[in-house]
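We name chains A, B, ... by the order of the sequence lines, and we start the count at 1 in each one.
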Protein chains: 2
Amino acid sequence: MAAELLAASTTGTAIFGRSRALRPTGKVLPEHARTHNRALVLQTLYSAGPQSRADVARETGLTRVTISDLVADLMAEGLVIELGQREDARPGKPATLIDVDRAAFHIIGVDLSEHEVFRGAVVGLDGQIIDRDEVARDGATGEAAVLLAEVLVERLLARTSTPVLGIGIGSPGVVDPRGVVRSAPNLGWSDVALQDRVAARFALPVHVGNDANVGVLAEHGSSDHDDLLLVKIGHGVGAGLIICGRPVIGSGFAAGEIGHVVVGTDGGPRCACGKDGCLETWLAEPRLTARLAAVDGQGDAAASARDDILREAGRRLGIVLAPVVGALNLSEVVLSGPAQLLDGPLHEAAVDTLRKRTMAEFNRDLRLRMSEQAEDIVLRGAAVMVLSGQLGVT
Amino acid sequence: MAAELLAASTTGTAIFGRSRALRPTGKVLPEHARTHNRALVLQTLYSAGPQSRADVARETGLTRVTISDLVADLMAEGLVIELGQREDARPGKPATLIDVDRAAFHIIGVDLSEHEVFRGAVVGLDGQIIDRDEVARDGATGEAAVLLAEVLVERLLARTSTPVLGIGIGSPGVVDPRGVVRSAPNLGWSDVALQDRVAARFALPVHVGNDANVGVLAEHGSSDHDDLLLVKIGHGVGAGLIICGRPVIGSGFAAGEIGHVVVGTDGGPRCACGKDGCLETWLAEPRLTARLAAVDGQGDAAASARDDILREAGRRLGIVLAPVVGALNLSEVVLSGPAQLLDGPLHEAAVDTLRKRTMAEFNRDLRLRMSEQAEDIVLRGAAVMVLSGQLGVT
DNA sequence: TCACGTTTGTTAGTAAACCTTACGAACAAA
DNA sequence: TTTGTTCGTAAGGTTTACTAACAAACGTGA
């Protein structure tokens, strides 16, 4: 055994981790620490609002000196402003309040996920929608769709005279971290370098993500939880996932693509993808409305039939979510989409199914709720993406 | 609208992120950067084996000067040693090879997840099992089980004269990040502060984790992928999950507890938890072996009946995994447990089911394979946990 | 009223970390 | 022997955040 150890000590390489790509995290220089602390100050101000340098120092654990230094940098960049002295009467020298200059920048948010229309907005740093615009899609695909998106951005940029921090775009399909839309069948896109194209045209920072992955960022902002699943139901069904506060991309950048997962063991409607009983065949808006329309006008039986259809859809959603909730031990799942469809029997059935199919002991404080962001979820998520990418504010 | 902006700029706090706990990441001081870079050097040496300081510098991006400085520290601590000059003939001054001192430390790994026995091992830094020991459980629960585990650790410590880097323990049940076993029904544990107790008794660093969550660390070491799901089938069924190279704990520390997720929409055997058709009722070893024993001795029909049983179990596994694989876009799923049950029809059926229930386009390079770690997966995973916790080597 | 304590933000100096530049040692190849 | 290369170290500079100290500005209470 001694010989074995000796051999290991002279020629051995690790058995653990031998083949993996090296350096999961790179070197860290003092300047990186500085960048991090700068973002920390910004984050503190952004979340907690106006306060003194001393307050920030206490909150972050850095010293007043360091905070003053960092704040001076941030003020020079126009990101932070002084608001004058604090008014409440306390002993000691009056504090000078500082805050993120919330009026200094606007963000352009774009949502390409709807079937009929590309929607966009000028968004404030706090997430307020300041102005909106949209362009009808008219079935545009390929290059035409790219140009249409650019037209929308151009029109939005014309609607604000405030400096723009960046452009955030939520696109359907699979989007890689460099903002290349690898595949978006609805728009006829494959390997469209949307981020590069838009950035080149407008000379602004651009961030692109999958619509559901972007949407979950907006939801994360108004949630207490750091583990969060958003199910976005529209023309298709997609999901966005945040785990430990970090967005999940997936090994093939296709995290959240649950629309074509088969539900249950009793078949189901034929899907466009060729399989039977995909989640989309139960939940996608066109399918649901068609099914509801079919039973409408059945007189008294209509209401009950509607409920049955919606309840069954909710049950199917619960069936798919149960393994995900169990495996990730999620505490919060959010539903986004047309409220008249989702909020009611569908929602109730999903909650009920989820409870019946998971272990109550582990998922006691699980919440499945409707989104409060309504139709702006992707727009606001896109803004959060820019905020996070440009300022490090999460 | 101008008034709205002004208001936001003077009194506003962020709508995004207003209620979330502050400071997801704390301040970073230069010394933290140093610690990080130290771990980076260690990681580089550990993964790539003996090399010169200049090699490490090139690999990490730090300068030779800094590497020399960091290596001096590491050598002073006994973690790194010089191995003499490189032998191959090259121009220039011959390099002095350095490496992690792989014989300097041993690790104690303990696996409490088996029903009949607590197993443990002395593990080398490279993951070699150097010596083993075990204690029969004899149905011990509660305090007796804790003492039994301590006896095992004591006996293992007596079997090595090399300094011990730390003790890693894989326990069944829900384990929180502080090493408190919140709940482990099989061992009759609830809120047992295992980490503190063992650390206090042996005065060594101790890390405790759920068995499957620990097991996936071992599997991660020998895998190329940074997203990985381990399904561990034994007396129960559990999973361990790594996403973006980071272990997932879950909001209630119960990530991976998929044993009691209901499978399919056609009922199933009654489970101890009260539900019908939990994953465990299809896959847990006792259930499977009992079902196989029931058809044994049916002559010619036995082989075919066995296959059917195993295939059905595999299918059920595939059904549960499909939504998880879809939502996370996983590229690798690993099966661990008794090979005579898992490796064969069960495995095949699981792969088949998974392919049929997910979107081929997104999960093209998905692999579902058997673990190669056999019964040592938790022991070795526990060692990785210590390695990671003490040295920052992943 | 006035001394005292408190709080804020700044100045000055220090320690830590990494960098660049430079150099000697040791080797291969021409 | 000369030349060019590579390695490891030494010296000095820059960045970063810290501690210590202080002035300014404010309540409080004798």
A.B. asks: For residues 382-392 of chain A, which side-chain N or O atoms pair as donor and acceptor with protein atoms under 3.5 Å away, sequence neighbours left out?
C.D. replies:
{"from": "A:Gln390", "atom 1": "OE1", "to": "A:His207", "atom 2": "NE2", "distance (Å)": "2.8"}

A.B. asks: What is the separation between atom CG on A:Asp88 and atom P on C:dT7, rounded to the nearest whole Å?
C.D. replies: 13 Å

A.B. asks: Verify the contact: side-chain N or O of A:Thr96 to OP1 or OP2 of C:dG9, cut-off strictly under 4.0 Å; return yes or no.
C.D. replies: yes

A.B. asks: Could you tell me if the side chain of B:Leu217 sits less than 4.5 Å from the side chain of B:Ile242, heavy atoms only?
C.D. replies: yes

A.B. asks: Whole Å only: how far is the CD1 atom of A:Ile67 from the P atom of C:dT7?
C.D. replies: 18 Å

A.B. asks: Once side chain to side chain donor-acceptor pair (under 3.5 Å) is applied, do any residues pair with A:Asp196, and if so which ones, sequence neighbours excluded?
C.D. replies: none

A.B. asks: Can you give each donor-acceptor pair under 3.5 Å made by side-chain atoms of residues 62-72 of chain B, sequence neighbours left out, with the distance rounded to 0.1 Å?
C.D. replies:
{"from": "B:Thr63", "atom 1": "OG1", "to": "B:Thr66", "atom 2": "N", "distance (Å)": "3.3"}
{"from": "B:Thr63", "atom 1": "OG1", "to": "B:Thr66", "atom 2": "OG1", "distance (Å)": "3.1"}
{"from": "B:Ser68", "atom 1": "OG", "to": "B:Arg64", "atom 2": "O", "distance (Å)": "3.2"}
{"from": "B:Asp69", "atom 1": "OD2", "to": "B:Arg34", "atom 2": "NH1", "distance (Å)": "3.1"}
{"from": "B:Asp69", "atom 1": "OD2", "to": "B:Arg34", "atom 2": "NH2", "distance (Å)": "3.0"}

A.B. asks: In this structure, how many angstroms lie between the P atom of D:dG8 and the CG atom of B:Asp55, rounded?
C.D. replies: 8 Å

A.B. asks: Could you tell me the separation between the CE atom of A:Met75 and the C1' atom of C:dG9, rounded to a whole number of Å?
C.D. replies: 13 Å

A.B. asks: Tell me: CZ of B:Arg86 to C1' of D:dG8, nearest whole Å?
C.D. replies: 13 Å

A.B. asks: Would you say B:Gln195 and B:Val180 make side-chain contact, with heavy atoms under 4.5 Å?
C.D. replies: no

A.B. asks: Based on the rotation axes of five pairs at each end, what angle does the helix from C:dT1-D:dA30 to C:dA30-D:dT1 bend through, to 10°?
C.D. replies: 10°

A.B. asks: Is it the case that more than 12 heavy atoms not belonging to A:Arg201 sit under 6.0 Å from its CZ atom?
C.D. replies: yes

A.B. asks: Without decimals, in angstroms, what is the distance between B:Arg53 CZ and D:dG8 C1'?
C.D. replies: 7 Å

A.B. asks: Nearest whole Å is fine: how far is C:dT8 C1' from A:Ile98 CD1?
C.D. replies: 12 Å

A.B. asks: For a quick check, with a 4.0 angstrom heavy-atom cut-off, what is the B/S/- contact string for nucleotides 16-26 of chain C, read 5' to 3'?
C.D. replies: -SSBBB--BBB

A.B. asks: Only pairs under 3.5 Å count here: list side-chain donor-acceptor contacts from residues 78-90 of chain A, not counting sequence neighbours, and write none if there are none.
C.D. replies:
{"from": "A:Glu82", "atom 1": "OE2", "to": "A:Arg53", "atom 2": "NH1", "distance (Å)": "3.2"}
{"from": "A:Glu82", "atom 1": "OE2", "to": "A:Arg53", "atom 2": "NH2", "distance (Å)": "2.8"}
{"from": "A:Arg86", "atom 1": "NH2", "to": "A:Asp55", "atom 2": "OD2", "distance (Å)": "2.6"}

A.B. asks: Within this structure, what is the CD-to-P distance between A:Gln51 and C:dT7, rounded to whole angstrom?
C.D. replies: 17 Å

A.B. asks: Looking at B:Val208, B:Ile107, B:Val206, which one forms a side-chain contact (heavy atoms from CB on, under 4.5 Å) with B:Ile167?
C.D. replies: B:Val206

A.B. asks: Under 4.5 Å between any side-chain heavy atoms of A:Gln51 and A:Leu45, yes or no?
C.D. replies: yes

